[in-house]
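All heavy atoms count here, side chains included; hydrogens, waters and symmetry mates do not.
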Amino acid sequence: MQAWQVHENGEPSEVMRLSDVERPTPGEGQTLLKVRAANINFPDVLMVRGHYQVRPPLPFTPGVEICGETEDGRRVIANPALPYGGFAEYAIADTAALLPAPDSLDDAEAAALHIGYQTGWFGLHRRARLEAGETLLVHAAAGGVGSAAVQLGKAAGATVIGVVGGPEKAAVARELGCDVVIDRRAEDVVGAVKAATGGRGADVIYDPVGGEAYTQSAKVVAFEGRIVVVGFASGTIPSPSLNHALVKNYAILGLHWGLYNTKNPKLVQHCHEQLTDLAARGVIKPLVSERVALDGAAAAVQRVADGVTTGRVAVVPQNGAAV
């Protein structure tokens, strides 16, 4: 089979190589899956660079989120068991963690319903306890993680403010349903949020960016607000001033979704049921901006690394780039 492999860490376009390799052999409690679609996530970028908390042995195949097909023809959503990731024709995954792919979504959309939407659901509902009528601020609102949070926020009855970088991403954020869109490249984020909220600020802030985005968040979080720290796509990990959290009376909440797979897997299943229902009712629909053939994976991962994509980019090994 064909699979992308990383033999040394570096930039995706430089170190990912498409190779002919043996199909992986599933171990005890694992299932071999034919990859129908693999979505590109920012952790894939970090893993290729060697900057992620999980460091699979070299060489490895990246791709942490797929829609796959079992030997008996079932469509499932899975997180491949590294080093046999999803940017390949076949991958393996833990059998107990397989989730049914929703019938209402195609392969790429089904794969995209997993990490980003699970993270959004846990962040907004489990950690921040977002309530209808509250104001939600989402950084990187047009990206894969942010777009999921926007849709889930709207589904929960929140007023959603989306922060993006550039007019093209602003247009995407509006299409996703943001009530207010702020272009951080052309506007003062702090001033715009205060203007949009009558000076009150945002009740919940969803931050997958870190760096300057977190600094802005601390300035615009409302009384008894909650900042959900999801990741650091900016590359800068902020150092919060806890005296500031005390004085303004807000909470800083960390979210590492992967921990729920071991700490409370039943809650992951419950979340998937909720997401499947929302998708079936058309309330949420993953934004897949691009579908590429397997041979285009390295270039696509590099585009995600460079921050020039919107929504999710999907690698479709079997059917090329057909939409």
Side-chain angles (χ1 to χ4, degrees), residues 36-39 41 65-70 73-79 97-138 140-162 164 171-181 203-204 206 208 228 230 255 257 260-261 264-291 310-314 316 323:
R36 296 176 66 107
N39 276 297
N41 288 263
E65 174 183 56
I66 68 170
C67 174
E69 182 179 332
T70 63
R74 290 180 297 123
R75 276 200 328 148
V76 296
I77 295 172
N79 297 124
L98 298 179
L99 297 169
D103 293 334
S104 60
L105 303 177
D106 68 22
D107 295 335
E109 293 165 344
L113 190 71
H114 196 35
I115 295 175
Y117 280 84
Q118 287 260 346
T119 300
W121 188 90
F122 275 92
L124 299 182
H125 295 293
R126 182 77 177 180
R127 303 294 282 135
R129 308 291 181 182
L130 178 69
E131 297 181 4
E134 289 191 313
T135 297
L136 167 67
L137 170 64
V138 179
V145 174
S147 62
V150 168
Q151 292 184 359
L152 289 169
K154 293 298 295 181
T159 297
V160 180
I161 300 173
V164 299
V172 171
R174 291 189 188 94
E175 292 175 5
L176 286 166
C178 287
D179 299 283
V180 178
V181 178
D203 300 291
V204 175
Y206 193 79
V228 185
V230 183
L255 174 63
W257 170 73
Y260 288 96
N261 285 310
N264 195 342
K266 289 184 179 180
L267 199 53
V268 173
Q269 177 65 45
H270 171 70
C271 174
H272 183 66
E273 293 169 358
Q274 300 296 308
L275 295 175
T276 298
D277 178 64
L278 289 170
R281 292 190 283 121
V283 178
I284 61 174
K285 185 179 178 67
L287 171 61
V288 180
S289 60
E290 188 180 358
R291 292 164 169 82
T310 56
R312 288 292 188 209
V313 177
V316 187
V323 175

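- By the 4.5 Å heavy-atom criterion applied to side chains, Tyr206 and Leu137 are not counted as neighbours.
- In this structure, CZ on Phe122 lies 8.5 Å from CG on Leu255, to the nearest 0.5 angstrom.
- Across every non-hydrogen atom of Pro102 and Ile77, the tightest pair is CD-CD1, 3.8 Å.
- When the side chain to side chain contact (heavy atoms under 4.5 Å, CB included) test is applied to Asn264, the partners found at least two apart in sequence or on another chain are Arg126, Tyr260, Lys266, Leu267.
- The two atoms that bring Leu105 and Ala279 nearest to each other are CD1-CB, 4.2 Å, heavy atoms only.
- A 4.5 Å side-chain heavy-atom check between Leu136 and Thr159 finds every atom pair outside the cut-off.
- When the side chain to side chain contact (heavy atoms under 4.5 Å, CB included) test is applied to Ala128, the partners found at least two apart in sequence or on another chain are Val204, Arg226, Val228, Leu253.
- In this structure, OG1 on Thr276 lies 9.5 Å from CG on Asp103, to the nearest 0.5 angstrom.
- Nearest heavy-atom pair, Cys67 versus Ala111, reported as atom, atom and distance to 0.1 Å: N-CB, 3.5 Å.
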Trp257 vs His114, ring-ring contact (aromatic ring centres under 6.0 Å, His included): CA-CA, chis, key distance, verdict = CA-CA 11 Å; Trp257 170 73; His114 196 35; 5.2 Å; yes
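- Between Val268 and Gln118, some side-chain heavy-atom pair lies under the 4.5 Å cut-off.
- Contact detail for Leu176 and Ala141: the closest heavy-atom pair is CD1-O, 3.5 Å.
- In terms of the side chain to side chain donor-acceptor pair (under 3.5 Å) criterion, Arg129 has no residue partners (sequence neighbours excluded).
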Give the C-alpha distance, both sets of side-chain angles, the deciding distance and a yes or no for side chain to side chain contact (heavy atoms under 4.5 Å, CB included) between Ile161 and Asp179.
-> CA-CA 6 Å; Ile161 300 173; Asp179 299 283; over 6 Å; no
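- For Glu65 (side chain) and Ile115 (main-chain N/O), a donor-acceptor pair under 3.5 Å exists by modelled atom type.
- Evaluation of the side chain to side chain contact (heavy atoms under 4.5 Å, CB included) rule for Ala37 yields Asp107, Ala108 as partners, not counting sequence neighbours.
- A salt bridge is absent between Asp106 and Arg75: the closest approach of a Lys/Arg side-chain nitrogen to an acidic carboxylate oxygen does not fall below 4.0 angstrom.
- In terms of modelled atom types and a separation under 3.5 Å, the side chain of Glu134 and the main chain of Glu131 share a donor-acceptor contact.
- Residues Ala173 and Val164 come closest through the heavy atom pair CB-CG1, 3.9 Å.
- Residue pairs meeting the side-chain hydrogen bond (donor to acceptor under 3.5 Å, both in side chains) criterion with at least one member in residues 279-289, sequence neighbours excluded, are Glu109-Lys285, Asp277-Arg281.
- Here the side chain of His272 pairs a donor or acceptor atom with the backbone of Pro100 at under 3.5 angstrom.
- The minimum heavy-atom distance between Asn39 and Ala112, with the atom names listed, is ND2-N, 2.8 Å.
- Put simply, the side chain of Asp203 gets close to the backbone of Thr135: a donor and an acceptor are under 3.5 Å apart.
- Applying the side chain to side chain contact (heavy atoms under 4.5 Å, CB included) test to Glu273 and every residue at least two apart in sequence or in another chain returns Gln269, His270.
- Within the model, atoms CG of Leu275 and CH2 of Trp121 stand 8.0 Å from one another, a figure rounded to the nearest 0.5 Å.
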